[in-house]
Engineer: 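Please find one structure pasted underneath; my questions will follow.
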Amino acid sequence: MTYGKLNLAGQQVESIGLYGAEYVNGDALGKLVNVARDGGVVRVTGLGHTLLLPIDLNQERATTDFNTVQLDTRRIQAPAATLVNGNLYLPLSTLASGLGAKYEQGKLTLAQPELLGVSSRAGQDSDRLVLDLSRDVQLTDEARGSRVVIRLRGVKGDARKYTTRGAFLPSAEVGRDGGDLILSAPITAASGYRVYKVVRPGGVRVVLDLGPGIPRGSPAILERVTRPLIVLDPVKVAGIGRDPTLDVARRAAEMLTRAGWQVQVTRDTASALNRDQKQQLARQSDVYLALDLGRFPGSNRSGVTVYEPTGKAPSQLVNSVRVGSTLPYGPLVVGDTGGTRRLSELLRGELKGGKITAGQGSLSRVMTLSEAPQAALLLELGWASNSKDLANLSVERRLQALSVAVARSVATYLSARANNNANVTATTSGATP
């Protein structure tokens with residue numbers, strides 16, 4: 001018996017030589033594949049293969065072709081496993097033959113895994129996409145924005161877009177990121193997905209099932225991206241004879257809901273949420289937009305103004321993320337002030353497109369706005385003390401322009417945020433109204 005070094009698929013491990021044959025310790029091999037001992041047989045599984053090797057306690061005989069080994073569905077005469085000082089050792093030549101690897105003394109090299117084909121199947125409540133690989137690989141899957149993204153480690157394949165006949169999974173894209181292959185497919189808020197592998201002789205299948213028939217299993221944090229919450233908070237202004245803030249909020253909510261977004265309005269003509277309920281909604285929101293009229297005795301101010309909140313938030317979590325603390329999925333839960341600034345710019349731009357000039361301001365100590373972990377604004381539709389502002393808010397065209405500006409700016413902001421989180425070209429869960 002001699003001792004040596006082995007390059008095992010890029011990992012340096014120890015090996016031994018028995019009667020001219022090179023063997024590797026079962027524990028070292030376990031870094032590459034699964035090794036399990038069942039009585040007098042060793043089962044090696046991984047990379048899309050299953051090998052069964054008998055344990056021959058006669059070390060010299062184990063190195064010959066006396067024993068029968070099973071490599072997937074093939075049975076051949078080849079060197080078998082053996083014990084050395086009570087430890088399990090396996091022959092490199094047999095392992096290479098069964099795992100589809102290249103072997104030379106001191107080195108076992110795996111062929112690069114390859115994407116062999118893509119197929120699909122349409123179902124009644126879910127669709128299926130199948131990727132055939134030359135061997136098993138590590139993979140990760142994650143719902144990012146409005147896409148499911150699957151990363152296949154070290155897989156060889158061409159970037160390409162695939163179309164299917166499925167209603168829930170109409171297309172998928174295969175791209176590259178360094179040495180990895182990336183599969184991405186669209187997913188809506190109504191659908192769930194699952195990813196699993198089917199190991200077959202000589203290869204493996206990666207299966208993606210997607211559709212409303214699949215239970216949603218995303219972490220609650222990622223739900224914030226796949227199904228964002230928009231809260232519209234129209235403040236009730238007494239003594240003006242009409243309710244323009246509620247009118248604008250209702251119209252904007254209807255447009256956003258029709259486009260597929262999740263919207264909550266804090267009141268209607270008959271009832272309203274109390275302060276604690278509104279604060280709870282604010283904490284859950286991805287966009288919190290309060291609508292109000294300016295009110296100050298004797299003021300001669302007028303016009304539309306978009307206010308951004310300033311100052312520290314009451315939440316310790318919000319403050320810690322914004323000052324740079326790193327938390328898992330932190331940016332998905334808490335946005336920096338850049339999101340609010342971006343939404344403010346979009347809203348003022350949409351208002352300008354509707355021929356409404358809006359001023360810009362900041363305010364602090366507004367509880368609901370400061371509770372919102374993502375984007376939050378106060379839109380002042382005019383001044384209750386200004387007769388011209390009140391007259392404008394009774395004009396249908398003015399109310400519609402305000403509502404469209406709110407809906408379009410919010411949808412554009414959330415669409416861009418979902419695309420950034422997905423880090424791929426993505427269609428979003430809702431359309432721009």
Side-chain angles (χ1 to χ4, degrees), residues 1-37 42-54 62-65 67 69-82 84 87-117 131-140 150-159 174 176-183 197-206:
M1 185 174 66
T2 59
Y3 292 92
K5 295 290 184 180
L6 169 68
N7 185 320
L8 181 64
Q11 303 179 62
Q12 292 295 323
V13 299
E14 292 184 353
S15 66
I16 62 171
L18 289 176
Y19 301 96
E22 190 172 18
Y23 275 67
V24 64
N25 184 281
D27 291 338
L29 183 63
K31 299 177 182 179
L32 179 64
V33 290
N34 294 318
V35 180
R37 181 176 173 182
V42 179
R43 177 185 293 269
V44 178
T45 55
L47 306 175
H49 300 279
T50 299
L51 286 56
L52 298 177
L53 284 71
T63 64
T64 70
D65 60 2
N67 290 283
V69 301
Q70 182 163 326
L71 311 178
D72 293 323
T73 58
R74 295 182 296 138
R75 290 187 176 181
I76 64 172
Q77 302 299 123
T82 190
V84 177
N87 296 314
L88 179 66
Y89 280 82
L90 298 96
L92 269 302
S93 59
T94 304
L95 293 173
S97 178
L99 298 176
K102 181 180 179 182
Y103 168 66
E104 57 188 45
Q105 187 72 24
K107 187 175 183 180
L108 184 143
T109 307
L110 294 174
Q112 184 179 8
E114 184 176 359
L115 176 62
L116 303 178
L131 285 73
D132 282 297
L133 307 180
S134 59
R135 66 171 174 87
D136 196 10
V137 297
Q138 291 183 336
L139 65 82
T140 57
I150 302 173
R151 178 180 291 270
L152 303 167
R153 302 287 182 184
V155 175
K156 179 182 178 181
D158 297 327
V174 172
R176 299 210 59 82
D177 181 16
D180 299 339
L181 204 65
I182 307 295
L183 171 73
K197 293 187 288 189
V198 178
V199 178
R200 310 193 310 162
V204 67
R205 280 186 159 179
V206 176

Engineer: Does any N or O in the side chain of Arg37 come within less than 3.5 Å of the main-chain N or O of Gly26, such that one atom is a donor and the other an acceptor?
Structural biologist: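 No, the answer is negative, given that no donor and acceptor are paired below the 3.5 Å cut-off.
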
Engineer: Ignoring hydrogens, what is the shortest heavy-atom contact between Met1 and Val84? Give both atom names and the distance.
Structural biologist: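 Reported closest heavy-atom pair: SD-CG1, 3.6 Å.
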
Engineer: Got a sec, which residues hit salt bridge (Lys or Arg N to Asp or Glu O under 4.0 Å) with Asp132, two or more places apart in sequence or on another chain?
Structural biologist: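 In terms of salt bridge (Lys or Arg N to Asp or Glu O under 4.0 Å), with neighbours along the sequence ignored, Asp132 is linked to Arg200, Arg205.
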
Engineer: Kindly give the heavy-atom pair with the smallest separation between Pro91 and Leu53, and that separation in Å.
Structural biologist: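 Residues Pro91 and Leu53, closest heavy atoms: CD-CD2, 3.7 Å.
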
Engineer: Just wondering, do Val24 and Val13 contact through their side chains at under 4.5 Å, heavy atoms?
Structural biologist: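 Yes. Closest side-chain heavy atoms under 4.5 Å.
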
Engineer: Any idea which heavy atoms bring Ala78 and Thr94 closest together, and the distance?
Structural biologist: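 Distance-wise, the nearest heavy atoms are CB-OG1, 3.8 Å.
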
Engineer: What verdict does the side chain to side chain contact (heavy atoms under 4.5 Å, CB included) test give for Val198 and Val204, after you've listed the backbone C-alpha separation in whole Å, the side-chain angles of each residue and the deciding distance to 0.1 Å?
Structural biologist: CA-CA 6 Å; Val198 178; Val204 67; 5.8 Å; no

Engineer: Could you tell me whether a side-chain N or O of Arg176 sits under 3.5 Å from a main-chain N or O of Gly157, the two making a donor and an acceptor?
Structural biologist: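 Indeed, once roles are kept as given, a pair shorter than 3.5 Å links the two residues.
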
Engineer: At what distance, to the nearest 0.5 angstrom, does CD of Glu114 lie from CG of Asp158?
Structural biologist: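 So the gap between those two atoms works out to 8.5 Å.
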
Engineer: Quick one: does any side-chain atom of Asn25 pair with a main-chain N or O of Asp27 as donor and acceptor, under 3.5 Å?
Structural biologist: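 The answer is yes, because a donor-acceptor pair under 3.5 Å joins these two groups.
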
Engineer: Got a sec: does the NZ of Lys197 have more than 12 other heavy atoms crowding it under 6.0 Å?
Structural biologist: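 More than 12 within 6.0 Å, yes.
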
Engineer: Evaluate the side-chain proximity of Val69 to Leu52: yes if any heavy-atom separation is below 4.5 Å, no if none is.
Structural biologist: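 Leu52 vs Val69: side chains apart.
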
Engineer: Does Thr140 offer a backbone N or O that forms a donor-acceptor pair with the side chain of Gln138 under 3.5 Å?
Structural biologist: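 No; zero donor-acceptor contacts below 3.5 Å.
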
Engineer: For the pair Gln77 (side chain) and Asp65 (backbone), establish whether a donor and an acceptor sit closer than 3.5 Å, ignoring hydrogens and angles.
Structural biologist: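 Indeed, once roles are kept as given, a pair shorter than 3.5 Å links the two residues.
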
Engineer: Please list, chain by chain and in numerical order, all residues satisfying salt bridge (Lys or Arg N to Asp or Glu O under 4.0 Å) with Lys31, sequence neighbours excluded.
Structural biologist: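 In terms of salt bridge (Lys or Arg N to Asp or Glu O under 4.0 Å), with neighbours along the sequence ignored, Lys31 is linked to no residue.
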
Engineer: State, yes or no, whether a side-chain contact exists between Val42 and Leu90 at a heavy-atom distance under 4.5 Å.
Structural biologist: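 In contact.
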
Engineer: Find out whether Leu110 and Leu47 are in side-chain contact, i.e. whether some heavy atom of one side chain is under 4.5 Å from a heavy atom of the other.
Structural biologist: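 Yes, close enough: below the 4.5 Å cut-off.
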
Engineer: Minimum heavy-atom separation for Glu22 to Glu104, with atom names?
Structural biologist: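 Looking at all heavy atoms of both residues, the closest pair is OE1-O, 4.4 Å.
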
Engineer: What's the separation between atom CG in Leu131 and atom CG in Leu152, rounded to the nearest 0.5 Å?
Structural biologist: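 If we round to the nearest 0.5 Å, Leu131:CG and Leu152:CG are 6.5 Å apart.
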
Engineer: Compare all side-chain heavy atoms of Leu108 with those of Leu99 and state whether any distance is below 4.5 angstrom.
Structural biologist: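 They are not in contact (no side-chain heavy atoms under 4.5 Å apart), so the answer is no.
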
Engineer: State the CG-OG distance between Leu92 and Ser97, to the nearest 0.5 angstrom.
Structural biologist: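 One finds 12.5 Å between CG of Leu92 and OG of Ser97.
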
Engineer: Between Arg43 and Leu51, is a side chain to side chain contact (heavy atoms under 4.5 Å, CB included) present by the stated rule, with each step listed?
Structural biologist: CA-CA 6 Å; Arg43 177 185 293 269; Leu51 286 56; over 6 Å; no

Engineer: Can you tell if the side chain of Leu133 reaches within under 4.5 Å of the side chain of Val155, non-hydrogen atoms only?
Structural biologist: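 A side-chain contact exists here, since the closest heavy-atom pair is under 4.5 Å.
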
Engineer: Identify the heavy atoms of Tyr23 and Pro79 that sit nearest to each other, and give their distance.
Structural biologist: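 The answer is OH-CB, 4.1 Å.
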
Engineer: Hey, could you give me the NZ/OG1 distance between Lys102 and Thr109, rounded to the nearest 0.5 Å?
Structural biologist: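 Going from the NZ atom of Lys102 to the OG1 atom of Thr109 covers 7.0 Å.
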
Engineer: Would you mind reporting whether Gln112 and Ser134 have side-chain heavy atoms less than 4.5 Å apart?
Structural biologist: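 Ser134 does not reach Gln112 side chain to side chain.
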
Engineer: What pair of heavy atoms forms the shortest contact from Ala28 to Leu8, and how long is it?
Structural biologist: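 Taking every non-hydrogen atom into account, O-CD2, 3.8 Å.
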
Engineer: How about Val44 and Asn34: do any of their side-chain heavy atoms sit closer than 4.5 Å?
Structural biologist: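 The answer is no; the side chains never approach within 4.5 Å.
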
Engineer: Apply salt bridge (Lys or Arg N to Asp or Glu O under 4.0 Å) to Arg153 and list each qualifying residue two or more places apart in sequence or on a separate chain.
Structural biologist: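 Applying salt bridge (Lys or Arg N to Asp or Glu O under 4.0 Å) to Arg153 gives Asp180.
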
